[in-house]
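All values below were derived from every heavy atom in this structure, side-chain atoms included, with hydrogens, water molecules and symmetry-related copies excluded. Whatever order the structure lists ligands and atoms in, that order sets their numbers, starting from 1.
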Amino acid sequence: MKKPAILVARAVFPEVLAHLQQHFEVTANQDDVLWTPAQLIEHLQGKQGAFTTGSQRIDAALLAACPALKICANMAVGYNNFDVPAMTAAGVKATNTPDVLTETTADFGFALMMATARRMAESEHFLRAGLWTSWRYDMFAGSDIHGSTLGILGMGRIGQAIAKRAAHGFGMKVIYHNRSRLDAALEAACGASYVSKQDLLQHSDHLLLVLPYSPEAHHAIGAAELAQMKPTATLVNIARGGIVDDAALAQALKNHVIAAAGLDVYEGEPAVHPDLLTVPNVVLTPHIASATTPTRLAMAQLAADNLVGFLLHGKALTPLN
Ligand code: GLV
């Protein structure tokens, strides 16, 4: 029997590619060329499956131009690059990679919060620039993590994993806001209390954003929200670009409306708002929250298993539609 044809749209672990090649006729992109939408459509011709990452937009126009396509398996838990209703209407299965990255991403969120609160990037730049000549009582004095109040906006799997670290490991008071409230047992396990968005903004010493991107979440944190936060507060975004109004945040950091921010995701990334690059009180990382080798491998394997499961056995492991 002829193997189904698939496209792997970005470079991937060689062992995952080899696994896919056992089951499929694979067109790979190990040179990791960033195709335009038109080039992606060209490469997808005759392909029943696509292994995608957040950098390929799958929308109605692409689907109309790729009638053979049956499944797109995203190597990410977030899937705002997918127009899921359009995929459903076109009869194309969509899958993501939940669970396998939860703990790794929670670790990173915590690390970014600590780096932000304790001014690690700013002080490292100072040292590297040869500016450290003496001790001073207030040199790079930041804010405490232990015993402080952590606010979490978006209380899915990653938010819950961060809450557990905070409540049980660092003695933090954890408050959260989410579209729906967790049940009492889950709240207790996370050591977290549900509050309104306004209370979250006003009472958090550290505010962590872990909500999925949606049109409603666009600029959920803008100038008005930043103005409600404590001037000593830190803001950390490991969710998606566009949830924070980056221009407003840069302005707020410059004017010390809040103390500091840690960002792993940006509006229009990999471009970063130029004003963010000029303010010292922000830690900037290039969308790496899930980037440990074992976790990225697990994500790639799950995306591959979704393709194998669906195209060969009719069942995707982690379907979105
Ligand atoms: C990373 O941002 C992901 O959604 O997996």
Problem set entry | His287-Tyr266 side chain donor-acceptor pair, cut-off 3.5 Å | no

Exercise. For ligand 1, does Thr97 get within less than 4.0 Å through its side chain, its backbone, both, or neither, judged by non-hydrogen atoms?
Worked result: neither

Exercise. Can you list the ligand 1 atoms lying under 4.0 Å from a non-hydrogen atom of Arg240?
Worked result: 1 (C), 2 (O), 3 (C), 4 (O)

Exercise. Does a donor on one side chain sit under 3.5 Å from an acceptor on the other, for Glu267 and His273?
Worked result: no

Problem set entry | Numbering as shown, the atoms of ligand 1 that approach Ala76 to under 4.0 Å (heavy-atom distance) | 3 (C), 4 (O), 5 (O)

For this session: Run the numbers for me: atoms of ligand 1, each under 4.0 Å from some heavy atom of Leu101, listed by number.
Result: 5 (O)

For this session: Answer yes if the side chains of His203 and Thr149 hold a donor-acceptor pair under 3.5 Å, and no otherwise.
Result: no

Exercise. Does an N or O from Gly78, backbone or side chain, lie closer than 3.5 Å to an N or O of ligand 1?
Worked result: yes

Seminar exercise, completed: When distances are taken from atom 1 (C) of ligand 1, the protein heavy atom at minimum range is His287 NE2, 3.5 Å

Exercise. Is it true that Met75 lies under 4.0 Å from ligand 1, counting heavy atoms only?
Worked result: no

Exercise. Would Leu211 end up clustered with Phe82 when hydrophobic side chains under 4.5 Å apart are linked, directly or stepwise?
Worked result: no

Problem set entry | Any donor-acceptor N or O pair under 3.5 Å, side chains Asn74, Asn81 | yes

Exercise. Taking atom 3 (C) of ligand 1 as the point of reference, which of Ile288, Thr53, Val77 owns the nearest heavy atom?
Worked result: Val77

Problem set entry | Pair Thr318-Asn306, side-chain donor/acceptor within less than 3.5 Å | yes

